[in-house]
Amino acid sequence: MKLHDITVPISAELPVYPGDPKIEIQRTLSLEAGDVANVSHLSCGSHIGTHVDPPAHFVRGGIALDELPLDILIGTARVADVGNVDVIDLLVVKSLDLSGVTRILFKTRNSRLWGTPHEFERDFVYLDTPAAEFLVKAGVRLVGIDYLSIEKFNFEAPTTHLALLGNDVIVVEGLDLSNVAPGDYELICLPIKIKEGDGGPARVVLRELS
Ligand SMILES: [Zn+2]
């Protein structure tokens, strides 16, 4: 069964959310320089590239990265292609058949951004709050999107994050769905295990169902 890697490679060139720490990767030991091994120093924020937002990202006392239930991070997921919309709103989510859907990944025009080096794109497609509330009511437990935030840029209050994380719905951001057709897959999403983490990079893979 075919596997699709929907993870963005981490590098110093990867854009980060404005205000977050930059990504720095520096060789501290180098075979070329005569050292016994290659070793690097990594410095970055906790919400870079393809990453998971646990409830603790926005909710005081919320579930942290290391406490996330693996049975939500792994399982059948629907990839929904929303076409060229600027916002995933109530109209968009109501048009989807969500029966039996626990995990949903939104493929938007954002995915095209990953194909070329770029500055942070402020005009990314996001999930609005009524749509997030609708997904929660529909029983969805994990929501993914293909850019660095699921929330409208320059928000007044993080109401989309709160609607999801406040109901223990896990958010996955920074997916690259450009090479994935819409449909159902097995999702394998494993964020690094940072103790009491507010977020962290994940390797995210879709396996085709037989
Ligand atoms: Zn995040």
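Basis for what follows: all heavy atoms, side chains included, without hydrogens, waters or symmetry-related copies. In each ligand, atom 1 is the first atom listed, and ligand 1 is the first ligand listed. We're numbering straight along the sequence, starting at 1. Only a predicted model underlies this, so the values are computations on that prediction, with no experimental measurement involved.
- Looking only at N/O/S atoms, Asp53 comes nearest to the Zn ion (ligand 1) through OD1.
- Counting backbone and side-chain atoms alike, His51 contributes an N/O/S atom closer than 2.8 Å to the Zn ion (ligand 1).
- Only one option out of Val171, Ile170, Thr129 pairs with Leu164 in a side chain to side chain contact (heavy atoms under 4.5 Å, CB included); it is Val171.
- The Zn ion (ligand 1) sits nearest to atom ND1 when only the N, O or S atoms of His47 are considered.
- Taking the six-membered ring for Trp and the full ring otherwise, Phe120 and Tyr17 have centroids separated by under 6.0 Å.
- Applying the side-chain hydrogen bond (donor to acceptor under 3.5 Å, both in side chains) test to every pair with at least one member in residues 55-66, sequence neighbours left out, gives these pairs: His47-His57.
- Sorting the N, O or S atoms of Glu173 by how far they are from the Zn ion (ligand 1) puts OE1 first.
- The aromatic rings of Phe124 and Tyr147 are tilted relative to each other, their planes meeting at an angle between 30° and 60°.
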